[in-house]
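Following: one structure in structure tokens, then a few remarks.
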Amino acid sequence: MPTDQPIIITIDGPAGTGKSTVARLLASRLGLDFLDTGAMYRAAAAIMIDRKIEEEDTGTLVSTVMGADLHFDWSQDPPTILAWDTPIDHRIRHADVTKVVSFVASIAELRHHMVRKQRVIGAQHPRLVTEGRDQGSVVFPDAFIKFYLDADPEVRAQRRIDQLGMDTSEISLEEMCRRIVDRDRMDSSRSDGPLVCPSDAIRVDTSEIEVEGVVDLLERRTRERIAATLDNGR
Ligand code: DC
């Protein structure tokens, strides 16, 4: 693996496909940095709730998020996110944040700000695995290699329940599945940066593959493409 070349790998897909874990492990295997763009939208949602900004007041939300100067501490693994120079990782996965984040992520002006920030991060960290919903389609259209992870909604719902440390007495599989499908619908139907599979992405159905198997597959595909690129350059 050449260590002096820029290489941007994008991983997009809906919730519960294991994107974050896969992206983090792939980055670590290939010696690349890891960017969790969902954390940025979650941070914006947390700011909206904690600063008591009304949903309709998108102007105040966008200017407050801009003033928060969201950034990552790259000395941590995985990198932690900060707002106003204060770590907010502990806050962004709370249920109230998860509930409003799709709405927040649908605000066009906020998305433009995030896309700009993510491209700056890409310029500062040109050897990067980045995951989200629009990384291959909008933010890094010229990425070296693009993946799109998918899985059956029931499988994704069960993974989400496990991830949250819940059991089915707290929330039924059907209810979690309904929430996931609702969120997919919101993420896919917005006009700016909707969740789509880029035409040049490698689509992987993770329903029946364990995380390590998915990482193996993505690593193999990436190494094959690197080898082909080096061959072509000869
Ligand atoms: O991957 P996640 O669950 O942490 O993402 C949180 C929300 O942010 C989810 O509703 C999708 C949205 N998101 C987005 O619209 N664009 C991204 N690049 C990343 C996440």
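As a basis for the values below, the full set of heavy atoms in this structure was taken, side chains included, without hydrogen atoms, waters or symmetry mates. In this text, all values refer to a predicted model and were calculated from it rather than measured experimentally. Both counts, for ligands and for their atoms, begin at 1 and track the order of listing.
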Under 4.0 Å between a side-chain nitrogen and a carboxylate oxygen: does that hold for Arg133 and Asp184?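 No, no charged N to carboxylate O under 4.0 Å.
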Cation-pi between Arg51 and Trp84: NZ/CZ under 6.0 Å from ring centre and within 45° of the ring axis?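 Satisfied, under 6.0 Å and within 45°.
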Looking at residues at least two apart in the chain, or sitting in another chain, which of them share a side chain to side chain contact (heavy atoms under 4.5 Å, CB included) with Ser63?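 Once residues adjacent in sequence are excluded, Ser63 has no partner under the side chain to side chain contact (heavy atoms under 4.5 Å, CB included) criterion.
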Hey, does Leu30 have a side-chain heavy atom less than 4.5 Å from the side chain of Leu26?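 Yes. Closest side-chain heavy atoms under 4.5 Å.
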Of the options Arg156, Arg159, Lys19, which is the one that meets Thr206 in a side-chain hydrogen bond (donor to acceptor under 3.5 Å, both in side chains)?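 Checked Arg156, Arg159, Lys19 against Thr206; only one passes side-chain hydrogen bond (donor to acceptor under 3.5 Å, both in side chains): Arg159.
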Residue shell around ligand 1, heavy atom under 4.0 angstrom: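 Lining ligand 1 at under 4.0 Å, by heavy atoms, one finds Thr37, Gly38, Tyr41, Arg42, Arg93, Val101, Ser102, Ala105, Arg111, Gly132, Arg133, Asp134, Gln135, Arg183, Asp187, Arg190.
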How many angstroms lie between CD1 in Ile145 and OG1 in Thr222, if you round to the nearest 0.5 Å?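 Rounded to the nearest 0.5 Å, the CD1-OG1 separation comes to 4.5 Å.
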